Amino acid sequence: MGTMRYFSASTIHPVTTPAVSHHVLVVEEDGTIVDLVPEQEVDATKVEHLEGNLIPGFINTHCHLELSHLKGRFEEKTGLPDFLNKVVAQRAAAAQEVQEAMQTADSEMWDNGIVAVGDICNKYDSFAVKAGSRIHYHSMVELLAFHPERTAGAMEQGNSLLQQLSELGLSGSIVPHAPYSVSPALLEQITAQCADSGVPTSIHMMESNDETEFFVQGTGLYRRLYHNMGMDIDFFEPSGKTSLATLLPFLHPKARTLLVHNTIATAADVVHAVEQHANLWWCFCPNANLYIEDRLPDIPQLMRAIPEGRITLGTDSLASNHQLSVWSEIQIVLQRFPELKLVDVLPWATLNGARYLGIDHLFGSLEKGKRPGIVLLSESTIQRII
Ligand SMILES: [Zn+2]
């Protein structure tokens with residue numbers, strides 16, 4: 001064994017067990033956790049004393065590194081359909097600008113204590129940054145094809161990007177974009193493939209009332225969006241139900257599926273969904289919700305309906321967030337919902353995300369044998385220790 005480091009802090013949060021004070025975290029130089037012991041068991045001269053909460057590195061379960069160059073580009077609070085229009089119209093940029101923005105975003109996440117990211121991608125642009133990063137990335141190749149006839153083509157495109165990821169030694173899966181941009185047939189094929197390979201999948205879900213209107217009645221902003229794009233969606237039949245209730249039967253029951261945003265979801269939506277699908281996970285991206293829609297999900301109400309351990313946090317992209325920081329997402333949750341405490345939310349930001357991504361053997365808690373990254377939170381500042 002090499003040199004050990006010994007950290008004490010005001011509070012140490014292993015996450016898998018209750019927080020402790022007057023303890024010392026024993027860590028190998030490479031960051032592997034060796035032990036957590038009462039402070040009297042350690043030679044005090046060896047201990048590095050830290051002020052604040054010592055926690056494992058953060059897991060960001062929803063990001064779009066590819067959109068990093070759009071930072072600060074879009075006006076806030078204009079609603080999702082308008083936001084999507086702008087992303088589609090303005091995402092093209094010089095390759096070098098895109099690469100530099102992703103490098104900067106990757107370093108920013110590292111400095112903000114993020115150790116692993118579930119990252120949505122539509123093309124191969126982000127692969128080189130990911131291959132060279134100290135952060136663990138699971139790339140989610142996002143497919144859009146609303147017309148059922150485009151299902152096979154979309155799957156082919158997605159699988160060719162997956163192939164490129166695997167050639168670079170990067171982990172990946174295919175994911176559907178959103179209820180209003182994939183067909184039930186595509187949803188079935190994507191989630192069946194993910195279930196087969198045991199990899200996570202995700203879908204943007206219940207982001208705005210426009211989405212509900214489109215599924216319930218077939219009208220509204222999404223109908224107009226398709227009309228303006230010149231797309232014939234005569235095949236689409238409104239179901240009279242929410243997007244989530246409509247699409248649940250098409251999600252493979254064994255696919256670990258992250259529902260992202262849930263901005264307008266109610267406890268009743270959650271209860272109904274959980275009854276039908278045992279493998280749902282729920283991601284909140286509060287800063288992005290405020291940026292785009294100027295509203296937040298009713299997190300305290302939803303968390304009572306969501307099964308234990310199934311909530312995660314995401315930053316979404318720099319197109320709809322001022323920073324890529326899970327700590328900043330936690331802070332906004334604690335600010336807006338004072339009944340929640342750091343210990344309630346910490347598992348969302350660490351262990352739950354690691355379990356969802358299937359990397360909890362390494363990440364998500366300060367447990368022996370893991371190399372989860374070590375982060376110090378003090379007041380409003382964050383410091384990466386390892
Ligand atoms: Zn997103």
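First listed ligand is number 1; within each ligand, the first listed atom is number 1. All of these numbers come straight from a predicted model, not from anything done at the bench.
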Problem - Check ion pair Arg73-Glu97 (N to O, under 4.0 angstrom) - result: yes
Handout entry: the Zn ion (ligand 1) to nearest N/O/S of His204 less than 2.8 Å
Key = yes
Completion exercise
For Met140 and Leu357 the tightest heavy-atom approach is CE-CD2, 4.2 Å
Practice task
Give a rough value, rounded to 10 degrees, for the angle at the Zn ion (ligand 1) between atoms NE2 of His62 and OD1 of Asp316.
Solution key: 90°
Problem - Asn287 backbone acceptor or donor facing Glu329 side chain under 3.5 Å - result: yes
Handout entry: Heteroatom test (N, O or S) for His64 near the Zn ion (ligand 1), limit 2.8 Å
Key = yes
Exercise for the section: Over all heavy atoms of both residues, which pair between Leu165 and Val141 is shortest? Give the atoms and the distance, please. Expected result: CD1-CG2, 3.9 Å
